[in-house]
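On a predicted model such as this, the values are computed, not experimentally measured, just so you know. Chain A is the first sequence line, chain B the second, and so forth, proteins listed ahead of strands; every chain is numbered from 1. The figures that follow rest on heavy atoms only: side chains count, while hydrogens, waters and symmetry mates do not.
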Number of protein chains: 2
Amino acid sequence: MEVSWQPGMKMDVNAPMCPSRGVLEHVTSRWGVLILIALRERSYRFSELRRHVGGVSEKMLAQTLQTLERDGFVLRDAQPVIPPRVDYSLTELGEEAAAQVEALGRWTERRTEQVLKNRERYDEARP
Amino acid sequence: MEVSWQPGMKMDVNAPMCPSRGVLEHVTSRWGVLILIALRERSYRFSELRRHVGGVSEKMLAQTLQTLERDGFVLRDAQPVIPPRVDYSLTELGEEAAAQVEALGRWTERRTEQVLKNRERYDEARP
DNA sequence: GGAAGTACCCACTTTGAAGTAAGGTACTGG
DNA sequence: CCAGTACCTTACTTCAAAGTGGGTACTTCC
């Protein structure tokens, strides 16, 4: 196991200090997943996105969009008009990530009913 | 947006109260991802897994394995021998999830170098 | 004239995820 | 006989993620 990451070192999510861990945590973050999935369908404005992704606070939406933008997954297009208009869309890199994340999200929706049954069985097997 | 989830309702990760959210959070959790990826390759014993997944504490490993087992992703096989021997493997459902998660993990490893560059560009563009 | 929409930022507080440390049992190897 | 391995559990602590509530600056709608 590597103690620190050096340039040119092979990326390995199992290494505690590997930067790939951070990247993975960004794309699999609570709101990151939902935002990526939403933006795959089309570009969204801030408040539109907030209404689409149920339950996000403004703060978390802004914050998550920023980290996704910094990583190069999301493109932020702010028009200098009044009222402010900012459009968010996926970059090519973001589209690649979002495709995988959406697959996982859709799979989860399909299998959740089964998981719920599994939990019941598990719980009644031990009081 | 639905306020509460009722049986027979369509699963939707965008609905705040939909149980699919919780399931998605389990498979995309910090240690959940790494454990699923590891178990895809072969079955592991507890301490083996702990050594393989760099940086997990015993507590988090035990806890995460339990929630994955409860959801029906992981199979726990405890042999009543001394010293204790417990093998963890994927169920069919877990294998489906793990396959997607591994794809995402491998993709992240491949693209992390690019993301690191993106972050540099982003940071130097604003002081 | 007041309310609501737009896209945020900031400070503060709360929550819950995670880390640390210790305990427990039944052995084996030195 | 003490250390170590194996597989956890429990209690305590820490710290980052997330929620809350406020402010901004300007416009359109009623």
Student: Which atom names give the shortest non-hydrogen contact between A/Asp71 and A/Leu93, and what distance separates them?
Tutor: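 Shortest heavy-atom separation between A/Asp71 and A/Leu93 comes out as O-CD2, 4.0 Å.
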Student: Could you please name the option among C/dT6, D/dC8, C/dT20 that lies closest to any side-chain atom of B/Lys59?
Tutor: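 The nucleotide sitting nearest to the side chain is C/dT20.
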Student: Under 4.0 Å between a side-chain nitrogen and a carboxylate oxygen: does that hold for B/Glu120 and B/Lys117?
Tutor: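 Salt bridge: no.
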Student: Would you mind telling me which residue lines up with the more 5' stretch of DNA chain D, A/Thr64 or B/Leu65, judged by nearest nucleotide?
Tutor: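 This one resolves to B/Leu65.
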Student: I want to verify a distance call: between D/dA6, D/dC8, D/dT10, whose nearest atom is closest to the B/Arg45 side chain?
Tutor: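 Out of D/dA6, D/dC8, D/dT10, the nucleotide with an atom closest to B/Arg45's side chain is D/dA6.
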Student: Does C/dA18 have its OP1 or OP2 closer than 4.0 Å to a side-chain nitrogen or oxygen of B/Ser57?
Tutor: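 It does not, given that no N or O in the side chain of B/Ser57 lies less than 4.0 Å from OP1 or OP2 of C/dA18.
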Student: Which of these nucleotides, C/dT6, C/dA18, D/dA6, is closest to any side-chain atom of B/Met60?
Tutor: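 Output: C/dA18.
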Student: Between A/Arg85 and C/dC8, is there a side-chain N or O to OP1/OP2 distance below 4.0 Å?
Tutor: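 Looking at the OP1 and OP2 atoms of C/dC8, neither is under 4.0 Å from any side-chain N or O of A/Arg85.
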Student: For C/dT6 and A/Arg51 - does any side-chain N or O of the residue sit under 4.0 Å from the phosphate oxygens OP1/OP2?
Tutor: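 Answer is yes, contact under 4.0 Å.
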Student: Look at the side-chain heavy atoms of Ile, Leu, Val, Met, Phe, Trp and Tyr, link any pair under 4.5 Å apart, and say whether B/Leu75 and B/Leu61 land in one connected group.
Tutor: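 No, because B/Leu75 and B/Leu61 fall into different hydrophobic clusters, even though each may have its own neighbours under 4.5 Å.
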Student: Check every atom of D/dA18, D/dA6, C/dA7 against the side chain of B/Pro83 and return the nucleotide holding the closest atom.
Tutor: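 That would be D/dA6.
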Student: Going by atom types alone, do B/Arg70 and A/Tyr122 pair a side-chain donor with an acceptor below 3.5 Å?
Tutor: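 On atom types as modelled, these side chains do not qualify, holding no pair under 3.5 Å.
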Student: Between B/Arg121 and B/Asp123, does any NZ, NE, NH1 or NH2 come within less than 4.0 Å of an OD or OE carboxylate oxygen?
Tutor: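 No, no charged N to carboxylate O under 4.0 Å.
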Student: Between A/Arg40 and A/Ile35, does the side chain to side chain contact (heavy atoms under 4.5 Å, CB included) criterion hold? Intermediate values first, please.
Tutor: CA-CA 9 Å; A/Arg40 243 211 124 193; A/Ile35 291 171; over 6 Å; no
Student: Check this one for me: any side-chain N or O of B/Tyr44 less than 4.0 Å away from OP1 or OP2 of D/dC7?
Tutor: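 Answer is no, no contact under 4.0 Å.
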Student: Near DNA chain D, which residues from residues 25-32 of chain B have a heavy atom under 4.0 Å away?
Tutor: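 Contacting residues: none.
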Student: Closest to the B/Val86 side chain: D/dC8, C/dT6, C/dG19?
Tutor: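 Ranking D/dC8, C/dT6, C/dG19 by closest atom to the B/Val86 side chain puts D/dC8 first.
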Student: Between D/dG19, D/dT9, C/dC9, which nucleotide gets closest to the side-chain atoms of B/Ala62?
Tutor: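 Selected nucleotide: D/dT9.
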Student: Using a cut-off of 4.0 Å on non-hydrogen atoms, how would the nucleic acid contact of B/Gln79 be classed: base, sugar-phosphate, or nothing?
Tutor: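 Nothing, no heavy atom under 4.0 Å.
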Student: When we call it a touch if two heavy atoms are under 4.0 Å apart, what does A/Arg76 touch: a base, just sugar-phosphate, or nothing?
Tutor: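 Sugar-phosphate, no base atom in range.
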Student: With a 4.0 Å cut-off, would you call A/Arg42 and A/Glu48 a salt bridge?
Tutor: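 Judged by the 4.0 Å cut-off on N to carboxylate O distance, A/Arg42 and A/Glu48 do form a salt bridge.
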Student: Between C1' on C/dG5 and CZ on A/Phe46, what's the gap in Å once rounded to a whole number?
Tutor: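 For the pair A/Phe46 CZ and C/dG5 C1', the rounded distance is 13 Å.
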Student: Give the rounded distance in Å between these two atoms: CG of B/Leu61 and P of C/dG19.
Tutor: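 Distance check: B/Leu61 CG to C/dG19 P gives 11 Å.
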Student: In whole Å, what is the span from the CD atom of B/Gln63 to the C1' atom of D/dC8?
Tutor: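 Atom CD in B/Gln63 sits about 13 Å away from atom C1' in D/dC8.
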Student: On the nucleotide C/dC9, are OP1 or OP2 found under 4.0 Å from the side-chain N or O atoms that A/Gln66 carries?
Tutor: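 Result: yes.
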Student: Would you mind classifying the nucleic acid contact of A/Glu58 as base, sugar-phosphate or nothing, using non-hydrogen atoms under 4.0 angstrom?
Tutor: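 Answer is base: heavy atoms of A/Glu58 come under 4.0 Å of a base.
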Student: Which whole-number value in Å describes the distance from A/Glu48 CD to C/dA7 P?
Tutor: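 Going from CD in A/Glu48 over to P in C/dA7 covers 8 Å.
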Student: Whole angstrom is fine here: how far is it from CG in B/Leu34 over to P in C/dA18?
Tutor: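 Going from B/Leu34 (CG) to C/dA18 (P), I get 11 Å.
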Student: Do A/Glu113 and B/Lys10 meet the salt-bridge criterion of a basic N to acidic O distance under 4.0 Å?
Tutor: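 Not counted as a salt bridge, because no side-chain N and carboxylate O are separated by less than 4.0 Å.
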Student: Once you round it to whole Å, what is the distance between C1' of D/dC7 and OH of B/Tyr88?
Tutor: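 So the OH-C1' distance, B/Tyr88 to D/dC7, works out to 7 Å.
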